[in-house]
Amino acid sequence: MNKLRTVLATIVLLIIVSCGESETQKTFSNDNYSIDYPESWDFDDSGKFNTKFLIYSNAEILDGFRENINLTVQNLPANTTLKQFEEATNQQLSQIPKSKIIKSNIIKRNGKDVFEIVWQGYVTNNDLKFKQHCYLEDNKAHIVTFTAKQDTYEKYEEKASEILNSFTLK
C-alpha cells in the first residue's frame, strides 16, 4: 500500500512540475509595435525579404524549410477599410497556384479589429500554409504571418498563435 502511495505521489508531482514548465519568452519592442516569442526561436530584424522582422522556429532544417513568423508593412490608399482589404487579399490569393482559403474573418485582437486569414498554396516551390493577422492603421497594413509547410503546420500552430496574438501596435 505504501509503494502504491509513493508511486501515485511521484506521478502527481511529475504532472504538476511538467504542467508548470513554460518556455522563457523574449519581447521585441520598438516605437510602433511589440511581439513576444520563445527564447529558443531566432529573431532577425535585418529587413530580409522586405520584412520588419522574422522569427524562425528552433526546429532543425531537415526539409529545407524553417517555420517562421514575420511582419510586413504595406502602404494603402487613404481610408481603406478592413473589409476592403479582406476582399482584395482574398482576390489576390486566388491567383496563387493550389491556393485555398480555409478561414477568413474579422476578429478583435488587443482591442483592435483584425483581419485574420488562414490559407494554403504552392509558394516558392513548397506546399505552404499561412495564418495571418492584418492590422490597419495610418493608411498602412501591418501583416503578421505564420508560415509553415502544410505537413508541419499543426505541429507549430499553437505556439505560432501565441506569438501572433502577442503582437501589439502602439
Side-chain angles (χ1 to χ4, degrees), residues 23 25-77 80 82 84-107 109-110 112 114-170:
E23 188 170 2
Q25 296 288 304
K26 283 185 148 183
T27 300
F28 175 78
S29 184
N30 65 19
D31 291 341
N32 301 313
Y33 48 82
S34 68
I35 192 164
D36 300 329
Y37 61 96
E39 185 175 48
S40 64
W41 288 39
D42 296 326
F43 186 87
D44 177 353
D45 62 348
S46 68
K48 189 186 304 183
F49 308 119
N50 290 326
T51 63
K52 298 298 180 182
F53 63 73
L54 281 155
I55 304 171
Y56 294 101
S57 73
N58 58 352
E60 292 182 35
I61 311 172
L62 300 175
D63 59 3
F65 186 85
R66 277 177 85 184
E67 294 70 20
N68 67 82
I69 293 177
N70 69 70
L71 171 66
T72 57
V73 178
Q74 290 180 319
N75 291 322
L76 298 174
T80 300
L82 206 51
Q84 289 169 328
F85 187 80
E86 176 184 19
E87 291 167 0
T89 299
N90 291 347
Q91 193 278 325
Q92 289 173 352
L93 291 178
S94 69
Q95 299 171 20
I96 293 174
K98 296 169 50 179
S99 67
K100 176 183 173 186
I101 295 172
I102 298 160
K103 180 168 85 169
S104 174
N105 56 4
I106 296 174
I107 60 170
R109 181 69 60 219
N110 299 321
K112 296 185 184 287
V114 176
F115 166 47
E116 179 182 66
I117 185 166
V118 177
W119 64 280
Q120 62 189 34
Y122 189 72
V123 181
T124 61
N125 297 318
N126 287 292
D127 287 316
L128 300 177
K129 190 169 180 180
F130 306 85
K131 183 175 190 176
Q132 297 179 299
H133 285 182
C134 308
Y135 300 77
L136 300 190
E137 190 166 286
D138 298 328
N139 298 321
K140 292 182 182 185
H142 296 77
I143 307 165
V144 188
T145 304
F146 163 53
T147 307
K149 283 196 156 185
Q150 288 179 23
D151 60 354
T152 60
Y153 180 88
E154 297 302 322
K155 177 180 175 184
Y156 293 93
E157 200 274 332
E158 182 178 346
K159 180 59 67 183
S161 288
E162 289 174 17
I163 298 169
L164 287 175
N165 292 342
S166 77
F167 180 81
T168 305
L169 278 177
K170 297 181 179 178

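Note: hydrogens, waters and symmetry copies are ignored here, and every other heavy atom, side chains too, is used.
In terms of the ring pair (Phe, Tyr, Trp, His ring centres under 6.0 Å) criterion, residue partners of Phe28 (sequence neighbours excluded) are, by chain and number, Phe43. Shown here are the side-chain hydrogen bond (donor to acceptor under 3.5 Å, both in side chains) partners of His133, two or more places apart in sequence or in another chain: Glu116.
Asn75 and Lys140 make their closest contact through OD1-CE, 3.4 Å (heavy atoms, listed as atom of the first residue, atom of the second, distance). Between Pro77 and Asn139, the closest heavy-atom pair is O-OD1, 3.8 Å. The two atoms that bring Ser104 and Glu86 nearest to each other are OG-OE2, 2.9 Å, heavy atoms only.
Put simply, the side chain of Leu136 does not reach to within 4.5 Å of the side chain of Phe115, judged on heavy atoms. Side-chain contact check for Ile69 versus Val144: some heavy-atom pair is nearer than 4.5 Å. Here the side chains of Gln120 and Asp127 are not in contact, with every heavy-atom distance at 4.5 Å or above.
Of the possible donor and acceptor atoms, none in the side chain of Ser161 sits under 3.5 Å from a partner among the backbone N and O of Glu158. A donor-acceptor contact shorter than 3.5 Å links the side chain of Asn30 to the backbone of Asn32.
The aromatic rings of Tyr153 and Phe146 sit tilted, their planes meeting at an angle between 30° and 60°.
No side-chain donor-acceptor contact under 3.5 Å links Glu162 and Ser166. Between the side chains of Asn58 and Ser40, at least one donor-acceptor pair of N or O atoms lies under 3.5 Å.
Salt bridge annotation for Lys112-Glu137: present, with a cationic side-chain nitrogen under 4.0 angstrom from a carboxylate oxygen.
Outside the 6.0 Å centre-distance limit, the rings of Tyr33 and Tyr135 are not counted as a close aromatic pair.
Rounding to the nearest 0.5 Å gives a distance of 7.0 Å between CD of Gln132 and CG of Leu93. How far CD of Glu157 is from CG of Leu164: 8.5 Å, rounded to the nearest 0.5 Å.
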